[in-house]
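Here is the structure we will look at.
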Amino acid sequence: MIQADFHLHSHFSQDSLAPMEEMIKKGLSLGLHTMCFTEHMDFDYVKTTETTPSFSLDTPSYYNCFLDLKKQYKGHICLLFGVELGLQPHILSACSAYAKQYPFDFIIASSHLANRRDPYYPQYFQGRREEEGYLDYFHSIFENISSFDDFQVYGHLDYVIRYGPYKNQFFSFEKYQDILEPILKSLIEKGKGIELNTSGFKYGLFQPHPQIDILKHYRELGGEIITIGSDGHKPEEIANHFSTAKEILIQCGFTYYTIFKNQHPEFLPL
């Protein structure tokens with residue numbers, strides 16, 4: 001059993017209502033030995049409406065709560081302090097300064113916006129073909145990776161396909177290889193990894209993020225660093241589809257998965 005969930009959100013993320021302690025209790029009941037909270041921090045997130053969350057993290061409050069619970073549950077479960085840092089090219093210096101400001105065990109770099117538009121909202125695809133929206137997103141990832149180093153893995157690498165008009169129906173690694181392969185090679189060259197994010201199943205993709213053929217190609221290129229996260233925003237989502245995740249990783253040629261403590265990798269057998 002995979003016993004470490006490395007992508008979790010609580011009420012400190014603006015798209016979750018779950019108390020952190022309730023997430024921990026659920027993780028314990030599932031037999032997890034490690035949980036890493038990775039609350040959202042997106043500088044200059046573009047608000048589409050007045051009710052759109054800003055995804056700005058009150059990090060001192062998050063850290064203080066985390067430390068209290070880490071102490072309370074010491075000896076029962078390993079709790080790790082992380083963040084999911086939303087990247088955009090014009091805020092990378094702010095992201096770098098923030099990453100160094102707190103003692104994070106683990107930093108996920110993610111792209112929620114491409115050219116200041118979030119694929120979550122239908123406006124992202126208005127007036128252009130699905131393929132254009134996907135390419136715009138992947139090129140923005142490559143630009144971020146080229147200029148930013150303060151992270152361990154890139155999160156939900158194909159997040160954009162969750163919200164495409166046809167999702168992953170016409171998506172394949174080969175179709176987007178000209179940009180996906182440079183992304184994977186750049187991550188490997190920089191000593192960075194990717195995550196297997198099981199929330200893709202929740203969004204009706206019948207696959208994780210990224211898609212299995214991307215995971216397989218990452219391994220074939222020599223990629224070794226891979227964390228596993230549910231992207232859970234409520235207790236019932238913790239460790240979802242982890243047995244399937246293990247099967248997929250073995251199918252793709254992995255023999256171990258990765259966790260991070262103090263931003264240093266540890267490799268655990270599958």
Side-chain angles (χ1 to χ4, degrees), residues 1-13 15-41 57 62-63 65-67 69-70 72-85 104-110 151-157 159 162 193-203 205 207-210 212 215 224-250 252 254 256-270:
M1 176 183 171
I2 293 167
Q3 295 177 305
D5 194 331
F6 257 65
H7 193 147
L8 291 167
H9 299 279
S10 74
H11 70 282
F12 288 104
S13 292
D15 56 355
S16 172
L17 298 174
M20 187 179 288
E21 187 167 13
E22 293 304 308
M23 298 289 281
I24 294 167
K25 288 178 178 178
K26 181 63 175 182
L28 278 168
S29 75
L30 293 171
L32 295 183
H33 64 57
T34 305
M35 297 175 71
C36 186
F37 286 92
T38 54
E39 308 293 1
H40 284 295
M41 171 54 110
L57 177 60
Y62 163 39
Y63 187 43
C65 179
F66 170 83
L67 289 177
L69 290 169
K70 183 179 178 70
Q72 181 179 337
Y73 285 90
K74 184 178 180 180
H76 299 280
I77 192 167
C78 176
L79 299 178
L80 297 170
F81 180 59
V83 68
E84 182 178 6
L85 196 51
F104 293 113
D105 288 295
F106 179 56
I107 299 174
I108 301 174
S110 289
F151 69 100
Q152 284 71 61
V153 305
Y154 219 95
H156 45 54
L157 205 61
Y159 162 89
R162 286 183 188 174
I194 61 174
E195 68 165 352
L196 188 160
N197 182 315
T198 60
S199 70
F201 295 100
K202 179 177 70 175
Y203 287 97
L205 302 176
Q207 291 205 44
H209 288 301
I212 293 171
L215 293 168
E224 297 181 313
I225 297 172
I226 188 158
T227 59
I228 302 171
S230 64
D231 208 345
H233 287 66
K234 55 183 75 169
E236 56 266 33
E237 294 174 348
I238 296 172
N240 273 358
H241 300 282
F242 270 25
S243 59
T244 303
K246 177 178 178 177
E247 293 172 5
I248 289 170
L249 288 181
I250 292 171
C252 292
F254 292 91
Y256 46 79
Y257 65 103
T258 317
I259 65 172
F260 284 86
K261 296 177 181 178
N262 297 316
Q263 299 186 34
H264 295 294
E266 298 179 12
F267 298 94
L268 304 179
L270 286 166

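Count residues from 1 along the sequence. Keep in mind that this is a model prediction, so the values were computed, not measured. Computed over heavy atoms, backbone and side chain alike; hydrogens, waters and symmetry mates excluded.
Summarising the geometry, atom CE belonging to Met1 is positioned 5.0 Å from atom CG belonging to Leu32; distances are rounded to the nearest 0.5 Å. How far CD1 of Ile238 is from CG of Leu30: 6.5 Å, rounded to the nearest 0.5 Å. Here CD1 of Ile2 is found 6.0 Å from OH of Tyr257. Values are rounded to the nearest 0.5 Å. In this structure, CE in Met23 is found 12.5 Å from CG in Leu69, a value given to the nearest 0.5 Å. Atom CG of Leu57 sits about 13.5 Å away from atom OH of Tyr63, to the nearest 0.5 Å. Remark: His156 NE2 to His209 NE2 distance equals 7.5 Å, nearest 0.5 Å.
Nearest heavy atoms, Gly27 versus Ile77: C-CD1, 4.5 Å. Heavy-atom minimum distance, Leu196 versus Ala245: CD2-CB, 3.7 Å.
Remark: Ser230 engages Asp5 in a side-chain hydrogen bond (donor to acceptor under 3.5 Å, both in side chains) (not counting sequence neighbours). For Gln207, the side-chain hydrogen bond (donor to acceptor under 3.5 Å, both in side chains) criterion is met by Gln211, not counting sequence neighbours. Tyr154 is linked by a side-chain hydrogen bond (donor to acceptor under 3.5 Å, both in side chains) to Ser111, Asn144, counting only residues two or more places apart in sequence or in another chain. Under the rule for a side-chain hydrogen bond (donor to acceptor under 3.5 Å, both in side chains), the partners of Tyr73 that lie at least two apart in sequence or sit in another chain are Glu21.
Side-chain atoms of Asp105 come within 3.5 Å of backbone atoms of Phe81 as a donor-acceptor pair (strictly under, hydrogens ignored).
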Given side chain to side chain contact (heavy atoms under 4.5 Å, CB included), test Phe242 with Gln3 step by step and report yes or no. CA-CA 9 Å; Phe242 270 25; Gln3 295 177 305; over 6 Å; no
#### Entry: Intermediate values then yes/no, side chain to side chain contact (heavy atoms under 4.5 Å, CB included), Phe254 and Ile248
CA-CA 9 Å; Phe254 292 91; Ile248 289 170; over 6 Å; no
Show your reasoning for whether side chain to side chain contact (heavy atoms under 4.5 Å, CB included) applies to Thr244 and Thr198. CA-CA 9 Å; Thr244 303; Thr198 60; over 6 Å; no
Which donor-acceptor pairs under 3.5 Å do the side chains of residues 258-270 make with protein atoms, sequence neighbours left out?
residue	atom	partner	partner atom	Å
Thr258	OG1	Ile226	N	3.0
Thr258	OG1	Ile226	O	3.3
Gln263	OE1	Gln152	NE2	3.0
Gln263	NE2	Phe104	O	3.1

Donor-acceptor pairs are to be reported for all side-chain atoms of residues 6-13 against protein atoms at under 3.5 Å, with residues two or more places apart or in another chain.
residue	atom	partner	partner atom	Å
His7	ND1	Glu195	OE1	3.0
His7	ND1	Glu195	OE2	3.2
His7	NE2	His9	NE2	3.1
His7	NE2	Glu84	OE1	3.0
His7	NE2	Asp231	OD1	3.0
His9	ND1	Ser13	OG	3.0
His9	ND1	Thr38	O	3.0
His9	NE2	Glu84	OE1	3.1
His9	NE2	Asp231	OD1	3.3
Ser10	OG	Phe12	N	3.4
Ser10	OG	Glu39	OE2	2.5
His11	ND1	Ala18	O	3.4
Ser13	OG	Glu39	OE1	2.6
Ser13	OG	His40	N	3.0

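The stretch residues 234-248 participates, sequence neighbours left out, in these salt bridge (charged side-chain N to carboxylate O under 4.0 Å, His left out) pairs: Lys202-Glu237.
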